[in-house]
Amino acid sequence: YIALSGNHNITIDDICYLNRIESLQLGANNLFTDQDVSRMINLKYLNLNYNNLITNQGISRLTDLKTLKLNGNNLITMEAIKNFSKLKCI
């Protein structure tokens, strides 16, 4: 479990090597991309609320996600998660 919400100096690249993490909170970090999160394939909970994301393509490999929080972003499409069968909450 890692909680780094509101830490405006963090990037996903800073922590993406922690690929055994199951829960990650990165809300309100002014992130523009979620690209590197794709390396964290064991995530079950991901909070990216209130960043500046316009795409969620980086999460397309995270098929074990059960909870995904993307409120307050400028997402153009949700295509990357359309086949996530384990996802219970968006």
For this session: Quick one: pull up CG in N73 and OG1 in T55 and give me the separation to the nearest 0.5 Å.
Result: 11.0 Å
Exercise. Please walk me through it: do L70 and M78 pass side-chain contact (heavy atoms from CB on, under 4.5 Å)?
Worked result: CA-CA 10 Å; L70 295 169; M78 296 295 281; 3.8 Å; yes
Exercise. What distance do E22 atom CD and K44 atom NZ have between them, rounded to the nearest 0.5 Å?
Worked result: 4.5 Å
Exercise. Is there a donor-acceptor pair under 3.5 Å between the side chain of N52 and the backbone N or O of F32?
Worked result: no
Problem set entry | Minimum-distance pair of heavy atoms, taken over all atoms of D64 and I41 | OD2-O, 4.2 Å
Problem set entry | In one Ile/Leu/Val/Met/Phe/Trp/Tyr side-chain cluster, 4.5 Å: L53, L43 | yes
Exercise. Is the backbone N or O of G58 less than 3.5 Å from a side-chain atom of D34, with the two atoms forming a donor-acceptor pair by type?
Worked result: yes
Exercise. Distance from R61 atom CZ to S38 atom OG, nearest 0.5 Å?
Worked result: 5.0 Å
Problem set entry | 4.5 Å side-chain heavy-atom contact, D14 and L4 | no
For this session: Indicate if I81 and L75 have the same hydrophobic cluster label, given that clusters are the connected sets of ILVMFWY residues with side-chain heavy-atom separations under 4.5 angstrom.
Result: yes
Problem set entry | Same apolar cluster (I L V M F W Y, side chains within < 4.5 Å links), L68/I21 | yes
For this session: Consider only side-chain heavy atoms of I, L, V, M, F, W and Y, link residues closer than 4.5 Å, and tell whether L62 and Y17 are in one cluster.
Result: yes
Exercise. Can you list the steps and then say if L24 with L18 is a side-chain contact (heavy atoms from CB on, under 4.5 Å)?
Worked result: CA-CA 10 Å; L24 178 61; L18 302 171; over 6 Å; no
Exercise. Would you say the side-chain atoms of N51 pair up with the backbone N or O of N30, donor to acceptor, closer than 3.5 Å?
Worked result: yes
Exercise. Which atom names give the shortest non-hydrogen contact between C16 and R39, and what distance separates them?
Worked result: SG-NH1, 3.0 Å
Problem set entry | Joint hydrophobic cluster, L46 plus F84, side-chain heavy atoms closer than 4.5 Å | yes
Problem set entry | CD on Q35 to CD1 on I59, rounded to 0.5 Å | 11.0 Å
Exercise. Do the side chain of N49 and the main chain of G27 share a donor and acceptor less than 3.5 angstrom apart?
Worked result: no
For this session: Give a yes or no answer on whether the side chain of N42 reaches the backbone of N19 with a donor-acceptor pair at less than 3.5 Å.
Result: yes
